[in-house]
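The next block holds one structure in the form of structure tokens; read it before the comments.
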Amino acid sequence: MTASPERLQDAFDPELDRPVLPRHVGFIMDGNGRWAKARGLPRTEGHRHGLEALRRTIRHAVKIGIEYVTIFSFSSENWRRPESEVNFLMGLLRRFLRRDLSELHEANIKIKVVGERADLDPAIRVLLEDAEALTRLNTGMTLVVAFNYGARDEMVRAIRRLADDVAAGHLDPSAITEQTVTGALDTDGIPDPDLLIRTSGEMRLSNFLLWQVAYSELHFSPVLWPDFDENHFDEALDEYCGRDRRYGGLTAKVL
Ligand code: FPP
């Protein structure tokens with residue numbers, strides 16, 4: 001069975017009273033380096049082709065009607081890579097924001113950036129902020145770009161924010177709930193991912209959205225990210241459609 005846009009849009013679970021189509025899909029786009037190595041190319045070529053795979057993925061997500069896509073485009077640990085690779089990835093983000101922004105805007109996509117902005121080159125920060133400002137009022141898919149992002153770092157910054165509020169007397173510690181913590185994260189206002197896809201066969205979360213994926217369905221694809229295409233995306237969606245999400249409880253299927 002293929003996940004055609006029609007089938008997915010019609011997919012509805014009457015027992016759960018919700019559509020089966022995931023609202024939010026997260027991507028750990030892994031395997032660029034291995035893809036390049038297998039072809040005797042420099043790692044940067046893998047990232048360049050990775051950007052093509054990202055473009056395909058965004059177009060397909062829009063076509064199917066996914067509401068939120070989050071991409072792990074640069075982790076707070078990626079600074080440990082050789083300077084030349086880091087510079088290439090920064091350049092790739094610049095290229096993406098300059099060349100693709102008008103297409104994204106025309107497709108009514110809203111861009112939201114998560115991650116620590118303070119350590120970024122001011123020129124990159126301005127590009128990210130301009131992309132958010134330009135697309136702020138768009139009502140189509142939200143593309144969440146995780147850049148200089150690490151989930152533990154995000155949680156530390158959220159805890160500091162809450163601790164500041166407590167110290168200033170604006171917040172009583174007993175009033176801190178899951179909602180308060182969720183609201184202090186960079187992803188405030190964005191629903192948790194329903195589905196997280198990681199490519200390249202690695203089966204770990206690598207410090208990506210750790211709080212937010214508590215109940216997400218995980219899909220690990222053996223495909224290297226530059227080869228990831230619409231069919232691989234549909235395979236992940238098909239698998240998701242067949243899963244029984246219980247959120248710790250029971251559903252009619254198991255009773
Ligand atoms: C992981 O592959 C991928 C990255 C660290 C970068 C992801 C970037 C893209 C997909 C291109 C789009 C980028 C932007 C900034 C919009 P890896 O290098 O760790 O691969 P390996 O595990 O095979 O070495």
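Start at 1 and go down the list; that is how both ligands and their atoms are numbered.
- Glu235 and His219 form no side-chain donor-acceptor contact under 3.5 Å, judged by distance and modelled atom types alone.
- Using a 4.0 angstrom heavy-atom cutoff, Ser200 does not count as in contact with ligand 1.
- The part of Trp225 lying near ligand 1 is the side chain, judged by heavy-atom distances below 4.0 Å.
- Every atom of ligand 1 with a heavy atom of Arg43 under 4.0 Å away is listed here by number and element: 17 (P), 18 (O), 24 (O).
- Residue Asn32 has at least one nitrogen or oxygen atom sitting less than 3.5 Å from a nitrogen or oxygen atom of ligand 1, judged on distance alone.
- Scanning the protein heavy atoms around atom 3 (C) of ligand 1, the nearest turns out to be Met29 O, 3.1 Å.
- Looking at atom 4 (C) of ligand 1, its nearest protein heavy atom turns out to be His47 CE1, 4.0 Å.
- In terms of protein heavy-atom proximity, atom 14 (C) of ligand 1 is nearest to Ser73 CB, 4.0 Å.
- Every atom of ligand 1 is numbered from 1 in the order shown, and the set under 4.0 Å from a heavy atom of Leu93 is 15 (C).
- Residue contacts with ligand 1, taken as heavy atom pairs separated by less than 4.0 Å, do not involve Val145 at all.
- Taking distance alone, with nitrogen or oxygen atoms compared against 3.5 Å, Gly33 approaches ligand 1 more closely than that limit.
- Between the side chains of Ser221 and Arg198, no donor-acceptor pair of N or O atoms lies under 3.5 Å.
- In terms of polar-atom proximity, defined here as any N/O pair under 3.5 Å, Asp30 does make such a contact with ligand 1.
- Side-chain contact of His47 with Asn32: a donor-acceptor pair under 3.5 Å is present, judged by distance alone.
- Taking only non-hydrogen atoms, the option from Arg81, Arg94, Arg34 nearest to atom 17 (P) of ligand 1 is Arg81.
- With 3.5 Å as the limit, one finds a donor-acceptor pair spanning the side chains of Asn108 and Thr139.
- Between the side chains of His105 and Asn138, a donor-acceptor pair is found at a separation under 3.5 Å.
- A donor atom on one side chain and an acceptor atom on the other are not found under 3.5 Å apart for Asp164 and His170.
- At a threshold of 4.0 Å, the pair Arg117-Glu132 counts as salt-bridged, since one of the basic side-chain nitrogens sits closer than that to a carboxylate oxygen.
- For Arg39 and Trp35, the positive end sits near the middle of the six-membered ring, less than 6.0 Å away and at most 45° from its axis.
- Nearest protein neighbour of atom 13 (C) of ligand 1, counting heavy atoms only, is Leu92 CD2, 4.0 Å.
- Interface of Asn78 with ligand 1, defined as ligand atoms under 4.0 Å from a residue heavy atom, comprises 5 (C).
- Aromatic pair Phe27/Phe233: ring centres closer than 6.0 Å.
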